[in-house]
Amino acid sequence: DITLPETVTDNGTSYTVTEIGDCAFYQCDELTGSLSIPNSVTSIGGSAFENCSGFTGALTIGSSVTSIGNNAFNDCLHFTGSLNIPNSVTSIGNDAFAYCSGFNGSLTIGNSVTSIGGSAFENCSGFIGALTIPNSVTVMGEYAFFRCSGFNGSLTIGNSVASIGENAFAYCSGFIGALTIPN
């Protein structure tokens, strides 16, 4: 299991870890177990963990993260359990979780997210339960949930969504129950 530290020390000076830079762990495909992002981190850069396909446990995102960059977890195939996007997150980048098909629990999107990028959750076929797009979301990119066929509950789209990109829910065949689209 990998837990990133909240602080690091260099030559006797402590530094708070506040961001994970672009491509920080790109293609580190031999990382295994779960991944825990500490509460001190405010941003996860583009491609930070892209192609880290070896993870086999839960992904925990700290409660201070405000942005998840493009491709941040793209092709991290084997995360398991539920995915909770904390209330602190305001944007989920393009392809942020694309092809993360190992999740086998619910997907919860925090109530501060205003934009869900194109292909953000494309081919994440393992999520189960209902999906609620919070009222804070105004834009959903094209292919946002393309081929997310595991959901087996209702689909609720929040009141502030003004734009849903093409194919956003194409091939999402598992939804049952109510479909709620706001005015």
Side-chain angles (χ1 to χ4, degrees), residues 1 3-4 20 33-44 48-49 55-141 143-161 164-165 168-169 171-182:
D1 294 341
T3 301
L4 298 178
I20 300 169
S34 61
L35 173 62
S36 184
I37 310 286
N39 291 333
S40 61
V41 172
T42 59
S43 69
I44 300 171
F49 294 94
F55 288 114
T56 55
L59 170 60
T60 304
I61 299 172
S63 62
S64 297
V65 172
T66 59
S67 64
I68 300 172
N70 295 339
N71 298 298
F73 297 96
N74 188 342
D75 209 23
C76 290
L77 302 173
H78 301 111
F79 282 124
T80 60
S82 297
L83 176 59
N84 181 31
I85 307 295
N87 289 332
S88 56
V89 173
T90 59
S91 66
I92 301 170
N94 297 332
D95 297 286
F97 296 94
Y99 297 92
C100 290
S101 59
F103 289 111
N104 55 6
S106 61
L107 170 61
T108 303
I109 299 173
N111 59 18
S112 294
V113 173
T114 59
S115 66
I116 298 173
S119 298
F121 297 97
E122 180 177 341
N123 278 307
C124 290
S125 58
F127 289 122
I128 60 172
L131 175 61
T132 299
I133 307 299
N135 289 330
S136 56
V137 173
T138 59
V139 176
M140 293 175 48
Y143 297 90
F145 294 92
F146 184 75
R147 291 193 193 277
C148 289
S149 58
F151 289 112
N152 57 3
S154 59
L155 172 59
T156 303
I157 298 174
N159 293 327
S160 298
V161 173
I164 300 173
F169 294 99
Y171 299 99
C172 291
S173 58
F175 286 114
I176 59 171
L179 168 62
T180 305
I181 301 174

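- The closest side-chain heavy-atom distance from I85 to I68 is below 4.5 Å.
- Taken from CG in L155 to CD1 in I181, the straight-line distance is 7.5 Å, to the nearest 0.5 Å.
- Considering all non-hydrogen atoms of both residues, I61 and P86 come closest at O-CG, 3.5 Å.
- Using cut-offs of 30° and 60° for the angle between ring planes, the F121 and F97 rings count as parallel.
- Considering all non-hydrogen atoms of both residues, G158 and P182 come closest at O-CG, 2.9 Å.
- For the pair F169/I157, a side-chain contact is recorded, criterion being any heavy-atom separation below 4.5 Å from C-beta on.
- Side-chain contact, N104 with T80: no donor N or O sits under 3.5 Å from an acceptor N or O.
- No donor-acceptor contact under 3.5 angstrom links the side chains of S136 and N111, judged on distance only.
- In this structure, the separation between OG1 on T60 and CG on L4 is 11.0 Å, given to the nearest 0.5 Å.
- Relative ring orientation between F146 and Y171 is described as perpendicular, the plane-to-plane angle rising above 60° on a 0-90° scale split at 30° and 60°.
- Between N70 and N94, the closest heavy-atom pair is OD1-N, 2.7 Å.
- Note on ring orientation: taking the six-membered ring where Trp is involved, the planes of F145 and F151 are perpendicular (angle over 60°, cut-offs 30° and 60°).
- Across every non-hydrogen atom of D1 and G33, the tightest pair is OD1-CA, 3.5 Å.
- Below 30°, between 30° and 60°, or above 60°: for F79 and F73 the angle between ring planes is above 60°, a perpendicular geometry.
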